[in-house]
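Working notes, structure below.
It should be emphasised that the depicted structure is a prediction, and the values quoted were computed from it without experimental measurement.
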Amino acid sequence: MYLPKTSKSSGSGTLFESTSPSAHQPSMPASAATSGLAQVLVSVLKIRRPSHRRLRKAHAIAVVSGLLGDPHVAISLLLCAATTSAADGASSSCIKSYPRVLLLSSVHHCRRHPDSVHYWNSLVRTSSAGPDAADSLRLYSAMLALSAARPDAHTFSFLLRACELASPVGGASRHVASTHAAIFRTGFVSDVVVGTNLFRAYVAAGIVADARNLFDEMTHRDLVAWNAMLACYCRVGLHGEALGLYGEMTNSGVGLDEFTAVALLSSCAHVGALDLGMGLHQFVEENRLLNLFVANALIDMYAKCGRLDAAQRVFDGMSQRDVFTWNSMIAGLGIHGRGDEAGLIFGQMLAAGFQPNAISFLGLLLGCSHQGLVEQGQSYFQMMSSQFGLRPDIKHYGCLVDMLGRAGELKKALDAIRCSPWADNPVLWRTLLSACKIHGDVQMGELAMDSLVRMGAHHAGDCSLLATVYAKMGDKEGMARMRKMVKDHGIKTTPGWSWIEVVGGVRKFVVGDTSHKDTLEIYRKLKEVVQQAALMGYNAPEERHIVSGVAGMEEDWWEREGGGYHSEKLAIAFGLARMPEGTTLRIVKNLRVCRDCHTFTKFVSKVYGREVVVRDRLRFHHFRDECLNVSEYSKFLVMYPPEIPSEIGLMHNALPFMKVKLSRSLSLLVGMGL
């Protein structure tokens, strides 16, 4: 596997690195002289960032001493006001309004001095941290109208920061377009720093296509720009596109650093690209890029790609750990159904002096749910609030309901829903409905379905679940009602897709996929595989008539509409056709594996002697020569359980480290807000 040359982090080539306030402060004009008290004030304000109370004292000294007219003093006060903390009881609204007070008290100096852009940049910078991007744009307009100052690259960087933090529903796209127009008019469109922040702002506004067009049009793209585009793709969940961009990045010869590695390992984890992840692991070790955050990313990647042994080795070899390290290991064990081992790691975490957070308990509850450790799981749930003061959220309640439902404690699961703050959330009721399918409880299933209908949140999967319960009880009228509900409401199913990594890249398949250039070869191989599996005893799923009945289609609907061509079946056929004998097939799927595909995969493993690892939206399934290496307790108990929470993913663990630093002269933005 080809990996590019390394590019060590430097002041001008790192992305997502947190910076101190002084790193953003522009240098004073060399021609201006300061002396006496003015020089002391400037030095104190520059060396040590004061609290809000001390800043007000410095402001008072400047006013009494007549030094507010000194541009160096005024700029220093504004810069400190823009970055001061909320110490001494000052409210955030007071802090954000204070730079305006400073500006208004010296506005005539802003007009006289050509360097007054520093004043205005400080105001725009402070406003950029607020929720309204229009506020920063109004300050920009005021700068053009009230002073001789003209915008520079830092002005637009702060404006774009405001656009990036603005809510998409609050007109963020309009603000980005306005800022883009101003950048074009002032001739900064070719500036690599401004261009990088511009396409990041477009991504934050949800306009990914325009962001990529801007990136492609950049005449100079350094490592920072490439890393920014990678991080943007990760931010919006376009991990396939991120890996594709990495291919272009290697061809450009721009290099690779630890920030690139973190973003790429995140994408590898999401699509199950184990080989690429292992190559990156080797690369960062050989080039001494393996720091705490890269190691956390490796643990997450290996766990999500089904290699807990490798994740454990990285974990054991770390000389330094943080709470994200422990959470990654706990969550990895949890999604693999190893709740008892996750509990041991949790105990080690407490013994090491780390304070668990909500993510820690989410991993524990997942593991207990899969392994059937009901009492232990309930103990963890109570421990959150009683010992650590953490409030369980919807995901924790979802795991609790799932755990109780799997164990047959449907009444307790119902009580948990009704006592939770999210009694009107469809996720909890859908989880209960899934448990009713397991245990054949029609009455409780109808109660859950009625709740979903009342909330207007029911979909085809819910109807299929309840129809299955009716079928088990021989209730044809109930099945007919579900069929009528789907037909009358035009309910559609969630599209399913599967990823598989093969030599040369990662392929994505959807149900009944015909978009690939080698489609004919794939379907021929699938037909062959189905025939071989049938010879070993594979039959059509027993629930096929239920699904077709619910859909209101003819009896051959399953074959014609893709039931026989589910995305994981196409991925398996493609993997068998392209990968050498004995190679493990690793598949990532966005939905739960259906019973038929589970059975089919088991026969494929037996017929072809392959290990097959399937990661669905909740857990892993390991198949080895017909044997399913997964607890019988958790096998197919829930068709629509709570999804693996995104908080357990890599970007939650790694991005506090990934703070933007583009220190080419003055400042650039900080934080991706992921």
Side-chain angles (χ1 to χ4, degrees), residues 15-16 124 127-128 130-138 140-141 151-249 251-252 254 259-260 263-264 266-267 270-271 508 651 655 658 660 662 664 668-674:
L15 181 70
F16 306 126
V124 174
S127 298
S128 68
D132 189 2
D135 199 24
S136 295
L137 290 172
R138 282 191 288 269
Y140 169 77
S141 299
D152 57 16
H154 315 293
T155 310
F156 291 118
S157 294
F158 298 135
L159 280 176
L160 291 169
R161 171 63 168 168
C163 295
E164 186 178 352
L165 294 179
S167 170
V169 298
S173 59
R174 184 178 68 256
H175 299 320
V176 174
S178 298
T179 306
H180 189 179
I183 291 170
F184 184 83
R185 288 194 300 269
T186 51
F188 283 95
V189 70
S190 59
D191 186 283
V192 64
V193 177
V194 174
T196 299
N197 286 284
L198 181 57
F199 71 69
R200 287 180 59 236
Y202 269 112
V203 170
I207 314 174
V208 181
D210 287 353
R212 181 56 197 264
N213 290 336
L214 284 169
F215 176 78
D216 291 338
E217 292 171 1
M218 292 177 68
T219 56
H220 173 66
R221 293 179 290 188
D222 59 6
L223 181 59
V224 174
W226 285 97
N227 282 348
M229 195 68 234
L230 278 174
C232 286
Y233 275 142
C234 293
R235 177 177 185 171
V236 296
L238 297 175
H239 300 288
E241 286 78 358
L243 296 181
L245 183 68
Y246 171 61
E248 299 178 35
M249 188 176 179
N251 293 333
S252 71
V254 72
F259 306 101
T260 321
L264 288 174
S266 170
S267 295
H270 280 84
V271 304
K508 180 179 180 179
M651 299 311 288
L655 282 181
M658 297 175 70
V660 174
L662 303 176
R664 294 176 173 87
L668 259 189
L669 315 178
V670 292
M672 281 295 289
L674 289 185

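Interatomic distance, CG of L264 versus CZ of F259, reported as 13.5 Å (0.5 Å rounding). Taking CE of M229 as the start and CZ of R221 as the end, the distance is 10.5 Å to the nearest 0.5 Å. Here SG of C163 is found 12.0 Å from CZ of R200. Values are rounded to the nearest 0.5 Å.
Side-chain contact between V192 and M218 is present, with heavy atoms from C-beta onward closer than 4.5 Å. Side-chain atoms of E241 and V208, non-hydrogen and from C-beta on, never get closer than 4.5 Å to each other. No side-chain heavy atom of I183 sits under 4.5 Å from any side-chain heavy atom of L159.
In terms of heavy-atom proximity, L230 sits nearest to M249 at CD1-SD, 3.8 Å. Heavy atoms only, all atoms of each residue included: A242 and S267 are closest at CB-OG, 3.3 Å. Here the shortest heavy-atom pairing between D222 and V254 reads C-CG2, 3.8 Å. Closest of all the heavy-atom pairs between V176 and A201 is CG2-O, 3.8 Å. Nearest heavy atom pair, residue V271 against residue G240, reads CG1-N, 4.4 Å. Considering every non-hydrogen atom in both L160 and V194, the closest pair reads CD1-O, 3.7 Å.
For the side chain to side chain donor-acceptor pair (under 3.5 Å) condition, the pairs that include at least one residue of residues 178-191, sequence neighbours left out, are H180-Y202. Counting only residues at least two apart or on different chains, the side chain to side chain donor-acceptor pair (under 3.5 Å) pairs with a member in residues 210-219 are R212-D216, R212-Y233, R212-E248.
Listed by chain and residue number, F156 satisfy the ring pair (Phe, Tyr, Trp, His ring centres under 6.0 Å) test with F188 (two or more places apart in sequence, or in another chain). Not counting sequence neighbours, S141 has no partner by the side-chain contact (heavy atoms from CB on, under 4.5 Å) test.
Ring centers of W226 and F215: under 6.0 Å apart, within the cut-off.
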